Number of protein chains: 2
Amino acid sequence: MRITHEADYAIRLVYALMTDPLPPVPASRLSEQAGLTIRFALKILRKLSQAGIVTAQKGATGGYALAVAPEELTLGHVIECIDGPIRLNHCLADDYICSRVTDKSGCRFHQVFDQLNAKLKQELYRIDFSNFQND
Amino acid sequence: MRITHEADYAIRLVYALMTDPLPPVPASRLSEQAGLTIRFALKILRKLSQAGIVTAQKGATGGYALAVAPEELTLGHVIECIDGPIRLNHCLADDYICSRVTDKSGCRFHQVFDQLNAKLKQELYRIDFSNFQND
DNA sequence: AGGAGGTGGCTATTATGCGCATCACACACG
DNA sequence: CGTGTGTGATGCGCATAATAGCCACCTCCT
């Protein structure tokens with residue numbers, strides 16, 4: 001029922017990236033801002049890069065930059081990029097076979113969790129990073 | 001971002017308890033209904049018992065019974081009883097000290113997660129077991 | 001050449017799922 | 001009234017997986 005530390009760090013890294021006046025920002029500066037080791041930051045930034053959320057520039061003057069506008073980027077994007085799909089219950093996974101299933105829409109509990117999950121997801125995808133721009 | 005298997009099982013156990021026509025129900029029958037081993041079921045039932053959600057009766061004709069009416073018991077009760085407090089982010093814990101804190105209400109991210117968390121909790125405490133009574 | 005990120009693997013810690021052994025209790029039956 | 005049997009209570013322990021974080025080496029750009 002919790003996002004991982006990694007996802008939390010990812011959010012901080014995106015925030016640090018967004019508020020930095022001089023992109024591209026090297027991982028060292030980002031990790032300092034976000035308060036984690038550079039090694040771990042690199043791992044997280046790689047995931048963000050693969051997901052197309054940030055761009056990475058190698059080389060002497062390289063670093064990271066946001067690939068999408070803050071108002072286009074939501075908490076949901078970042079969290080699912082790091083933690084994988086948001087699922088309140090494991091029974092919401094695609095390949096889960098419920099022993100209590102009665103019809104194709106699954107058991108009543110499944111349906112309830114499915115609805116709740118959709119709501120949570122919707123909320124997370126509603127909160128974009130422009131909300132945090134002036135903090 | 002997921003409830004544990006244990007909490008999921010707990011929900012199934014409560015459901016089995018609720019739909020059983022002859023309380024008190026021994027753990028053996030409940031575990032069979034809910035599809036888990038009796039040992040694990042006992043551990044979960046103990047937690048439910050300590051939380052006052054079910055009553056346990058020792059002895060030859062003993063077993064478990066619901067201590068509260070189904071319409072008074074919600075998914076939130078059962079989940080928090082097993083998994084502990086619902087927290088979308090670890091920074092919502094009471095003893096967490098945020099490095100980014102700016103005032104007593106915490107950083108902007110904290111505030112957002114706090115609100116989301118409250119919403120989720122509210123939803124989970126809105127869904128009581130009478131919804132599942134006739135399934 | 002040197003400073004940047006990319007990749008994969010590695011370790012330590014914690015959470016999770018579940019089992020085992022033993023004790024405590026309540027009823028039933030002799 | 002005592003003892004046996006079936007029930008739950010308790011605590012220990014372990015196997016597996018997830019998580020958090022680190023390291024070494026490679027690639028790429030300037």
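Note that the structure is predicted; figures quoted are calculated from it, not measured. In the text below, chain A, chain B and the rest are named by the order of the sequence lines, each starting its count at 1.
- Proximity of B:Asn89 to A:Arg2: side-chain heavy atoms (C-beta onward) are nowhere separated by under 4.5 Å.
- Residue pairs meeting the side-chain hydrogen bond (donor to acceptor under 3.5 Å, both in side chains) criterion with at least one member in residues 42-64 of chain A, sequence neighbours excluded, are A:Glu6-A:Lys47.
- Taking B:Arg126 as the reference, A:Lys119, B:Glu123 meet the side-chain contact (heavy atoms from CB on, under 4.5 Å) condition, with sequence neighbours excluded.
- Qualifying side chain to side chain donor-acceptor pair (under 3.5 Å) partners for A:Asp114, counting only residues two or more places apart in sequence or in other chains: none.
- Considering only residues two or more places apart in sequence or on other chains, B:Asp20 meets the side-chain contact (heavy atoms from CB on, under 4.5 Å) condition with B:Leu22, B:Val25, B:Arg29.
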Pull out every protein N or O sitting under 3.5 Å from an N or O of nucleotides 15-17 of chain D, one pair per line with the distance.
none

Quiz: residues 65-82 of chain B side-chain donor-acceptor pairs under 3.5 angstrom, not counting sequence neighbours:
from: B:Thr74; atom 1: OG1; to: B:Gly76; atom 2: N; distance (Å): 3.4
from: B:Thr74; atom 1: OG1; to: B:His77; atom 2: N; distance (Å): 3.2
from: B:Thr74; atom 1: OG1; to: B:His77; atom 2: ND1; distance (Å): 2.8
from: B:His77; atom 1: ND1; to: B:Thr74; atom 2: N; distance (Å): 3.1
from: B:Glu80; atom 1: OE1; to: B:Tyr125; atom 2: OH; distance (Å): 2.6
from: B:Glu80; atom 1: OE2; to: B:Ile86; atom 2: N; distance (Å): 2.8

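- Judged as a ring-ring contact (aromatic ring centres under 6.0 Å, His included), and not counting sequence neighbours, the contacts of A:Phe129 are A:Phe132.
- A:His5 pairs by the ring-ring contact (aromatic ring centres under 6.0 Å, His included) definition with B:His90, not counting sequence neighbours.
- In summary, contact between chain A and DNA chain C, defined as any nucleotide atom under 4.0 Å from a heavy atom of the protein, begins and ends at C:dG3 to C:dG9 in the 5' to 3' direction.
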Output a table of nitrogen or oxygen pairs between the protein and nucleotides 25-30 of chain D separated by less than 3.5 Å.
from: D:dC28; atom 1: O4'; to: A:Lys58; atom 2: NZ; distance (Å): 3.3

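- A:Ser31 pairs by the side chain to side chain donor-acceptor pair (under 3.5 Å) definition with nothing, not counting sequence neighbours.
- Comparing A:Thr4 and B:Val25, the nucleotide of DNA chain D nearest to each residue sits closer to the 5' end for B:Val25.
- Atom CZ in A:Arg2 sits about 15 Å away from atom P in D:dA18, given to the nearest Å.
- Phosphate contact (OP1/OP2 of D:dT7, side-chain N/O of B:Tyr64, threshold under 4.0 Å): absent.
- With sequence neighbours excluded, no residue forms a side chain to side chain donor-acceptor pair (under 3.5 Å) with A:Thr37.
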